[in-house]
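Comments concern the structure below.
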Amino acid sequence: MQKYTYIANVNETRVTFTINSATAVVPLYQVFKNGKLVGCLLKETQEQNLIWSGTTLLTQGLAREMGNFIRRTDEFSH
């Protein structure tokens, strides 16, 4: 399972997140902060556009930003 490390500004504080990639068993990207699950990201395709959404307020606010990071990382590493 691939893991991503993402640093974001949340309420004017730099926060480091670890994101576990989606798998066949867990189809969501799990987002952790300090080892605790803080929400998940969901990748959907709507009318040929990639849409990212979050399951909690925190991940909803960062979904697009984190999703773009995941997409760029995957493109660079493959």
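Please read these numbers as outputs of a predicted model, since none were measured by experiment.
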d(Asp74 CG, Arg72 CZ) to nearest 0.5 Å is 11.0 Å
side-chain hydrogen bond (donor to acceptor under 3.5 Å, both in side chains) pairs touching residues 34-49, sequence neighbours excluded, are none
Residues Ala22 and Pro27: closest non-hydrogen pair is CB-O, 3.5 Å
Looking only at heavy atoms, the pair that brings Gly54 and Gln60 closest together is O-CG, 3.3 Å
Can you list the steps and then say if Thr16 with Lys33 is a side-chain contact (heavy atoms from CB on, under 4.5 Å)?
CA-CA 7 Å; Thr16 301; Lys33 177 182 142 192; over 6 Å; no
Salt bridge (charged side-chain N to carboxylate O under 4.0 Å, His left out) filter on Arg64, not counting sequence neighbours, yields none
Rounding to 0.5 Å, atoms CD (Gln30) and OG1 (Thr55) come to a distance of 9.5 Å
Joining Ile, Leu, Val, Met, Phe, Trp and Tyr whenever any side-chain heavy atoms lie under 4.5 Å apart, the cluster holding Tyr29 also takes in Tyr4, Tyr6, Val10, Val15, Phe17, Ile19, Val31, Val38, Leu41, Leu50, Trp52, Leu58, Leu62, Met66, Phe69, Ile70
Connected to Ile51, directly or through other members, by ILVMFWY side-chain contacts below 4.5 Å are none
For Leu42, the other hydrophobic cluster members (4.5 Å side-chain criterion, sorted by chain and number) are Leu28
Students should find that the hydrophobic cluster of Phe32, defined by side-chain heavy atoms under 4.5 Å apart, otherwise consists of Leu37
